[in-house]
2 protein chains.
Amino acid sequence: MGFMTEPPTSLTPAQLGAYFAFTEVSSLVRHSVEKQLRSAGDLSYVQFQLLARLGDAPDGRLRMTDLADGVVYSRSGLTYQAQLLEQRGLVTRAPSPDDERSTVVALADAGRAVLAAVFPGHIEAVHELLFAALSDRDVGELARILGQAADRLRATPPRSAAPRQRKTP
Amino acid sequence: MGFMTEPPTSLTPAQLGAYFAFTEVSSLVRHSVEKQLRSAGDLSYVQFQLLARLGDAPDGRLRMTDLADGVVYSRSGLTYQAQLLEQRGLVTRAPSPDDERSTVVALADAGRAVLAAVFPGHIEAVHELLFAALSDRDVGELARILGQAADRLRATPPRSAAPRQRKTP
DNA sequence: TAGCACTGCTTTGAACTCGAAGCAACACGT
DNA sequence: ACGTGTTGCTTCGAGTTCAAAGCAGTGCTA
């Protein structure tokens, strides 16, 4: 490790290759998974992630904010999706008894059913798209390496960017 | 390797870990990069990718369809973005002399300038977000592994999914 | 060379996302 | 108690994406 750790203005060939492959895989997997979920249970990927989080949570209930983390980057987006899921009866919303401000989202039976119906196909699709080409050892390496990257990303607070510019009409 | 290669209905812990880390990293990187591009040159990630593709192309010109591959999954999305880029003068559109149907998009000088202005920051952001936590060896492994996955994804023709359901009003 | 399928792009309508602004409930300071 | 600031969510407006339908131009076949 050198002393000077200024970020370089170019990437090594290996880094470029990794970056391109990463964006390509990420885009293709996302797109394919989205189609699978849509046809299997009429869910968007975001909706599936929300249901899956609720399914993982103890009691199948979470506050809105906790539910949103990493899935949607705006509160309003979550509100919108929660409304959709509630209208379909997959989820219920109720004000928290502890804190009247916060809304607790709970996985309804119908939601659990949809999740159960969609899950195997989702797993199969991910396996097919991402892991079928990889050896067990490579999967382990991938998990380790991406885990490191994820740790750093979580640790790095997202520096606030300039607000999105409005188009001048 | 066994004979029976039916897709499993569950993932190994390593696969699960890799999948979670992958989606997390992919989502966070995308989001951060998007902000960086927006503030550096008022470009969306898609727009940046389109300009970058044109920059890579010989003569800086590509047919619409060739430009879209992997960036946008609908023709109409590309039409929309091409219009925006053309309005900003970053790109020109003209019917192809060979084939009157197809439109050739060419990188304008202003587009090249914006690309040059944005690129270093983009590289720096990607380095910071994705590679700062990884050793050179890990980057090489990542490139190799994701390259394998990408190859398979490219080889697998996207099986047509059921059309997106309309909501019943 | 006429018919007919196909290709390449655009138009259109609906769905989804975000940021800013707004509103109620909470958590303090005095 | 009573402002004042903060938190949690929703509403609102604008922008982006997709799929389906539409429209020329092209190529194939008889």
Side-chain angles (χ1 to χ4, degrees), chain A residues 27 30-32 34-35 37-39 42-50 62-88 91 93-105 158 160-169, chain B residues 27 30-32 34-35 37-39 42-50 62-88 91 93-105 158 160-169:
Chain A
S27 161
R30 170 84 181 232
H31 193 245
S32 294
E34 202 127 333
K35 284 195 171 176
L37 292 171
R38 181 68 65 184
S39 66
D42 196 21
L43 292 177
S44 72
Y45 191 34
V46 168
Q47 290 171 340
F48 170 74
Q49 284 179 297
L50 295 177
L62 284 173
R63 298 190 328 160
M64 290 282 279
T65 296
D66 300 330
L67 184 55
D69 279 351
V71 175
V72 165
Y73 286 95
S74 70
R75 310 288 177 191
S76 47
L78 179 57
T79 297
Y80 176 73
Q81 288 297 346
Q83 281 175 349
L84 292 187
L85 292 174
E86 189 181 31
Q87 282 168 17
R88 285 179 57 181
V91 136
R93 283 193 297 173
S96 164
D98 303 339
D99 186 339
E100 201 68 22
R101 292 171 296 183
S102 65
T103 301
V104 171
V105 183
S160 60
R164 190 174 188 170
Q165 276 189 354
R166 294 285 167 183
K167 195 183 286 184
T168 53
Chain B
S27 159
R30 171 84 182 230
H31 193 245
S32 294
E34 201 126 334
K35 285 194 170 178
L37 291 170
R38 180 68 66 184
S39 65
D42 197 20
L43 292 176
S44 71
Y45 191 35
V46 168
Q47 290 171 340
F48 170 73
Q49 285 179 296
L50 295 177
L62 284 172
R63 298 187 330 160
M64 292 281 279
T65 296
D66 300 330
L67 183 56
D69 278 350
V71 176
V72 165
Y73 287 95
S74 69
R75 311 286 178 188
S76 45
L78 180 58
T79 296
Y80 177 72
Q81 289 296 345
Q83 282 173 348
L84 291 188
L85 292 175
E86 190 182 31
Q87 283 167 18
R88 284 180 57 182
V91 136
R93 285 192 296 173
S96 164
D98 304 338
D99 186 337
E100 200 67 23
R101 291 169 297 182
S102 65
T103 300
V104 171
V105 183
S160 60
R164 188 176 191 167
Q165 273 188 357
R166 297 283 167 183
K167 193 183 284 183
T168 52

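Worth knowing before you read on, the calculation uses all heavy atoms, side chains too, and leaves out hydrogens, waters and symmetry mates. Numbers restart at 1 for each chain; the letters A, B, ... are given by sequence-line order, proteins then strands.
Comparing dT11(C), dA19(D), dG8(C) against the side chain of Gln83(B) picks out dT11(C) as the nearest. Side-chain proximity of Leu84(A) to the nucleotides dC16(C), dC9(C), dG8(D) is greatest for dC16(C). Checking dT26(D), dC16(C), dC9(D) against every side-chain atom of Glu100(B), the shortest atom distance belongs to dT26(D). When distances are taken from the side chain of Tyr73(A) to each of dC18(C), dT26(D), dC9(D), the shortest belongs to dC18(C). Proximity note for Ser74(A) (side chain, C-beta onward) versus dC18(C), dC9(C), dC9(D): the nearest is dC18(C).
In this structure, the side chains of Val71(A) and Leu78(A) stay at 4.5 Å or more apart for every pair of heavy atoms.
If you take CD of Gln47(A) and P of dT17(C), they are 8 Å apart, rounded to a whole angstrom. A straight line from OH of Tyr80(B) to P of dA14(D) spans 13 Å, rounded to a whole angstrom. One atom, CG of Leu37(B), and another, P of dT16(D), lie 14 Å apart when rounded to the nearest Å. Atom CD of Gln81(B) and atom C1' of dT11(C) are 16 Å apart (whole Å). Atom CG in Leu43(A) sits roughly 15 Å away from atom C1' in dA15(C) (whole-Å rounding). Distance CG (Asp99(A)) to C1' (dT7(D)): 8 Å, rounded to an integer number of Å. Atom pair Asp42(A):CG and dA15(C):C1' shows a separation of 12 Å (rounding to whole Å applied). Taking atom CD of residue Gln87(A) and atom C1' of nucleotide dC16(C), one finds them 14 Å apart after rounding to whole Å.
Among the heavy atoms of the strands lying under 4.0 Å from Thr103(A) are primed sugar atoms or P, OP1, OP2 only; no base atom is included. Using a 4.0 Å heavy-atom distance criterion, Ser102(B) is classed as a sugar-phosphate-only contact. Here Glu34(A) lies out of heavy-atom contact (under 4.0 Å) with every strand.
Taking only side-chain nitrogens and oxygens, Arg75(B) never comes nearer than 4.0 Å to OP1 or OP2 of dT10(C).
Judged by closest nucleotide on DNA chain D, Val104(A) is the one of Val104(A) and His31(A) placed further toward the 5' end. Looking at which nucleotide of DNA chain C each of Asp98(A) and Val71(A) is closest to, the 5′-most match is held by Val71(A).
The two residues Ser44(A) and Leu37(A) make their nearest non-hydrogen contact at O-CD1, 4.4 Å. The two atoms that bring Val105(A) and Arg93(A) nearest to each other are CG2-CG, 4.1 Å, heavy atoms only.
Under 4.0 Å is where a charged nitrogen must lie from a carboxylate oxygen, and between Glu34(B) and Arg38(B) no such pair does.
Between atom CD of residue Gln49(B) and atom CD of residue Gln81(B) there is a gap of 10.5 Å, rounded to the nearest 0.5 Å.
Side chain Ser76(A) to base dG19(C): a donor-acceptor pair is found below 3.5 Å. One donor-acceptor pair, N or O on each side, does fall under 3.5 Å between the base of dT7(C) and the side chain of Arg101(B).
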